[in-house]
Amino acid sequence: MNKFEQLGLSESLLKAILDLGFDNPTEVQEKAIPLLLEKNTDLVALAQTGTGKTAAFGFPVIQKIDANNRNTQALILSPTRELCLQITNEIKNYSKYEKGINVVAIYGGASITEQARDIKRGAQIIVATPGRMQDMINRGLVNITQINYCILDEADEMLNMGFYEDIVNILSTTPDDKNTWLFSATMPAEVARIAKQFMHSPEEITVGTKNSGSATVSHEFYLVNARDRYEALKRLADCNPDIFSVIFCRTKRDTQQVAERLIEDGYSAAALHGDLSQAQRDSVMKSFRGRQIQMLVATDVAARGIDVDSITHVVNYQLPDEIETYNHRSGRTGRAGKLGTSIVIVTKSELRKISSIERIIQQKFHEKTLPSGIEICEIQLLHLATKIKDTEVDHDIDNYLPAINTVLEGLSKEELIKKMVSVEFNRFINYYKKTRDISAQTSGNERRERDDREPRENNNGGATRYFVNIGSRDNFDWMSLKDYLKETLDLGRDDVFKVDVKEGFSFFNTDPEHTDKVMEILNNVQLEGRRINVEISKNDGGGRRDHNGRSSGGFGGGRSSSGGFRSDRNSGGGGFRSERSSAPREGGFRTERSSAPREGGFRSERTTSPRREPGSSQREASSDRQPKPFKASGDETGRVKRPRRS
C-alpha cells in the first residue's frame, strides 16, 4: 500500500503521485500534508533543500483550491526564476488530473505583458519571484487581495538576496485571514521577524535539527595555499572520475574564469551566473541534467533552482560570505535519499570558518589530504580498466575485425592490454609525473588554535599590503574606503583590513588569495574619470595607530615606499605609472593588462557583459552583481597541458 494514501490526499492526486513514481513520502511531507489538509493554519516548516518541500505544500494547496473559481487563490513566492519555473512545473504535474486548475509563473527576464495576459485568463495559483511580483502589483496587473494561501519557499534565501522589503510589501497586500506557509532551510532573524509580523500562532515542523545539515551529506575540507586552489580543484576532479558536481564560486567573474580554465584543460564544464540570458541558462541546465556537463561552476544566486537528484559532489571553490549559505550549497547533493559529499577547498586564513560552519550545521568536517599525482594515475588506470570491462560490445564492429586483427597481429595478450591502456593512461602519467605536492602543511592542532587567535586586523602575518592612488582628497576616510573596496572587489566584510588613508593615496591589506583579483579589478577601474592604480607595497602596515585603527605613522608626505616601481604624478591628479617586473610568476601566462603574468593560464581580454533582459527586476538582476567577466583567448605557454578527457 502506498503510504501517500494514508495522508488524506484525494484520488486524483494519488493517481498523479502514482504516475510520478513516488513510493513513500519524505519526513517533511509526512508531517506537513495531513496537518495542512486537516486545519486552516499558518505553518513554519524547517527542512533542508532536497527534502521534498514542494510536494509538502503543493499537494495540500491543490486539494484546497476551488477549481471552479477563476480568481487567484494561492501565491507561492520563490527566490529565483529557475526555482519559480521548477515549482510551476511540479504543481502542474501534481494537478494533471484536477480539471480547471491553472498555474502561472511570474519572473523577471520574460515578457511582463504575456504574464499579465496569462493571469487575466484565470490563474488560481501564481508562482512568482518577489521582484517581478512587486512590479506587477505596482502596475495593477495582478490582484492578490482575496487569496486564501500564501507560501514562502526558501524563505531564508529570499531574504539573503535582499527581498525583505518586497516580501513585506507583498504580504501587506494580502488579506489578514489567509493561511501563510513558510518553508525554509534555516531560521535567521529576518525570517523569524516575517513569521512574527504576518503569521498567527503558526504550527512548526522541523525535519532534523534547526539549521542542521542533511544526514546524507558528508563534509570534507582540503587545505591548500591560495595559489594552488585551481590545481586542487583539478586533482579532486581527477581522483573522482565519475564526478557529477556543482562548483560554487562567490562572484560571476570567478565563476566564468574557473569554467573557462576547466574547459581549456579538457573537462566537460560550464558556467552558470547572472550575466547569462534566460536562453543561455536553460541551455546550460539542459546539458547538465543530461550529464553532458560534468562540472557546473555556479554562483549561489544562479544555483537556486538546481534540482538534480544525482549530483555526487558539491565543491566549495570559495566559501560563501554568509556561513548559512553553506547549508544551501551542500543541499544540492545527497538528495532523494542518495549519499553526497560536500568539499571545501580552504586556505589557512579561512580555517576559522570551518569551525563556524560546524556549529551551524551540527556536523563535523573531515580534513583530507589531496592525492599525489601517482595516486591519481592509479585511480584513473583502474577506472579505465573497469570502464573497458563494463563496455557493451557493439557488434557493428565485427565487419572491421579482420582488418583490426591484421594490424594487431603478433602482439601478445599482455602487450595488447598495455598498449590499449597506455593510449589513455600515458597522458595522465605525463601530466602528473612532474607535479609537486600542493597540500598545505599544517600541524594537527593548527585548525583549533586558529579559532583562538586575534582577529586578522591585529595579526598581519601573511597578508598582502597595497598602495592605491586615492585618498582623502577623493573624499575617502578609512571607513568609506574600506566599504568602497569591499563593494568594488566583491569581498567579505573581513577581507579588507588595515586601511590607512592619506591625502593623495592610501594603503590596505587583504589575504594573499585575493591578490590577483585586487590587482586585476582595481587597475581597470576609473573613479570620477581618473584611472585607479594599485601596487603591492613593501610596507608592513605598522606604525602607531589611533583609536579608529588608522595609522598615524610609517609614511611621510606623498612619497611611496612600496618599492619595485617608479611613480610619477600624472595630470589626472594622483595617478601613477608603474613599471612591472617582466619576470614571470608561477603559471607562465601573459595577460593583456601587464607583462606580469597571473597564475592560471589564460591570455585575457575584456568582453562586454551580456545586456540585462527586459522586464527583469532590478533587485533580481543586481543580487549577483560583479565586474564584467573575462573571455579566455590565446594559447597556453610554459605548462604541461592536462590530457583532454574522453
Side-chain angles (χ1 to χ4, degrees), residues 76 78-93 103-119 126-133 135-136 141 154 157 161 244-249 251-260 262-264 267-308 311 332 605-633:
I76 303 171
S78 66
T80 66
R81 54 189 173 188
E82 284 84 6
L83 190 54
C84 175
L85 288 168
Q86 176 191 315
I87 293 171
T88 302
N89 291 332
E90 291 190 26
I91 296 292
K92 287 179 178 179
N93 289 332
V103 187
V104 172
I106 295 176
Y107 54 90
S111 169
I112 195 170
T113 305
E114 290 183 11
Q115 291 175 352
R117 192 180 301 122
D118 290 339
I119 292 171
I126 292 177
V127 187
T129 54
R132 174 53 66 90
M133 188 65 195
D135 193 6
M136 296 194 76
L141 299 176
E154 306 283 11
E157 188 62 21
M161 292 169 62
F244 182 53
S245 63
V246 180
I247 300 164
F248 282 99
C249 297
T251 70
K252 290 184 289 188
R253 173 188 292 272
D254 291 338
T255 298
Q256 187 68 31
Q257 288 182 335
V258 170
E260 287 175 350
L262 287 171
I263 294 168
E264 180 69 18
Y267 297 88
S268 56
L272 187 70
H273 53 70
D275 277 348
L276 301 183
S277 68
Q278 186 61 43
Q280 289 172 320
R281 293 158 79 101
D282 290 344
S283 176
V284 168
M285 285 308 303
K286 182 179 179 181
S287 297
F288 184 60
R289 289 191 175 97
R291 299 183 79 99
Q292 295 168 315
I293 293 172
Q294 244 184 314
M295 304 169 76
L296 181 66
V297 190
T299 58
D300 291 296
V301 173
R304 305 307 298 160
I306 295 178
D307 185 27
V308 181
I311 292 172
R332 299 294 107 202
E605 298 172 348
R606 288 279 179 184
T607 61
T608 303
S609 179
R611 294 181 59 190
R612 192 145 6 256
E613 295 180 283
S616 61
S617 78
Q618 181 64 26
R619 190 179 303 278
E620 286 178 290
S622 64
S623 61
D624 198 12
R625 187 182 298 125
Q626 288 303 324
K628 298 175 183 178
F630 279 91
K631 179 178 179 182
S633 65

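Side-chain atoms are counted along with the backbone in the values below, which use heavy atoms only and exclude waters and symmetry mates.
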K.L.:
Show the numbers, then the answer: is there a side-chain contact (heavy atoms from CB on, under 4.5 Å) between Q280 and D275?
P.N.:
CA-CA 10 Å; Q280 289 172 320; D275 277 348; over 6 Å; no
K.L.:
Sequence neighbours left out, what passes salt bridge (charged side-chain N to carboxylate O under 4.0 Å, His left out) with D118? Give chain and number order.
P.N.:
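Here the qualifying residues are R121.
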K.L.:
Using the test side chain to side chain contact (heavy atoms under 4.5 Å, CB included), find all partners of A128 that sit at least two apart in sequence or belong to another chain.
P.N.:
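Only L75, L77, I106, I126, M133 meet the side chain to side chain contact (heavy atoms under 4.5 Å, CB included) criterion with A128.
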K.L.:
Where is the tightest heavy-atom contact between T255 and V297, given as atom of each residue plus distance?
P.N.:
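T255 and V297 have their closest heavy atoms at CG2-O, 3.1 Å.
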K.L.:
Roughly how far apart are L85 CG and M285 CE, rounded to 0.5 Å?
P.N.:
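Interatomic distance, L85 CG to M285 CE, rounded to 0.5 Å: 11.5 Å.
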K.L.:
Examine distances only and state if a side-chain atom of S283 and a backbone atom of A279 form a donor-acceptor pair shorter than 3.5 Å.
P.N.:
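No: the side chain of S283 does not pair with the backbone of A279.
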K.L.:
Hey, what do you get for CZ (R81) to OG1 (T88), rounding to the nearest 0.5 Å?
P.N.:
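Nearest 0.5 Å value for the CZ-OG1 distance: 14.0 Å.
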K.L.:
State, to 0.1 Å, how close F244 and I293 come at their nearest heavy-atom pair, and which atoms those are.
P.N.:
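Taking every non-hydrogen atom into account, CE1-O, 3.3 Å.
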K.L.:
Quickly, which of K252, R253, Q256 forms a side-chain hydrogen bond (donor to acceptor under 3.5 Å, both in side chains) with H273? Name it, please.
P.N.:
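Of K252, R253, Q256, side-chain hydrogen bond (donor to acceptor under 3.5 Å, both in side chains) with H273 is met by Q256 alone.
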K.L.:
Tell me whether S268 contacts the main-chain N or O of Q294 through its side chain, where contact means a donor paired with an acceptor under 3.5 Å.
P.N.:
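Yes: the side chain of S268 pairs with the backbone of Q294.
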K.L.:
Looking at S78 and I87, what are the two nearest heavy atoms and their distance?
P.N.:
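Heavy atoms of S78 and I87 come nearest at CB-CD1, 3.9 Å.
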K.L.:
How many angstroms lie between atom OG1 of T129 and atom CD of E82, to the nearest 0.5 angstrom?
P.N.:
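It is 10.5 Å, given to the nearest 0.5 Å.
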K.L.:
Which value, rounded to the nearest 0.5 Å, describes the distance between Q86 atom CD and I91 atom CD1?
P.N.:
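Separation between the atoms: 10.5 Å.
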K.L.:
Could you tell me the separation between the CG atom of L272 and the OG1 atom of T299, rounded to the nearest 0.5 Å?
P.N.:
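It comes to 6.5 Å.
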K.L.:
Atom CZ of F248 and atom CG of D254: how far apart are they, to the nearest 0.5 Å?
P.N.:
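If I round to the nearest 0.5 Å, the distance is 14.5 Å.
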K.L.:
At their closest point, which heavy atom of P79 faces which heavy atom of L83, and how far apart are they?
P.N.:
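Closest pair (atom of P79, atom of L83, distance): CD-CD2, 3.6 Å.
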K.L.:
For a 4.5 angstrom cut-off between non-hydrogen side-chain atoms, does M136 reach I119?
P.N.:
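Heavy-atom side-chain distance check passes, below 4.5 Å.
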K.L.:
Can you name the nearest heavy-atom pair linking S245 to I311, along with the distance?
P.N.:
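Here S245 and I311 meet closest at CA-CG2, 4.2 Å.
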K.L.:
Evaluate the side-chain proximity of Q115 to Y107: yes if any heavy-atom separation is below 4.5 Å, no if none is.
P.N.:
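Yes, at least one pair of side-chain atoms sits under 4.5 Å.
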K.L.:
For the residue pair A271 and L276, what are the closest heavy atoms and their distance?
P.N.:
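Reported closest heavy-atom pair: O-CD1, 3.4 Å.
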K.L.:
Can you tell me if D135 uses its side chain to pair, donor with acceptor, with the backbone of G131 under 3.5 Å?
P.N.:
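Not confirmed, D135 side chain does not pair with G131 backbone.
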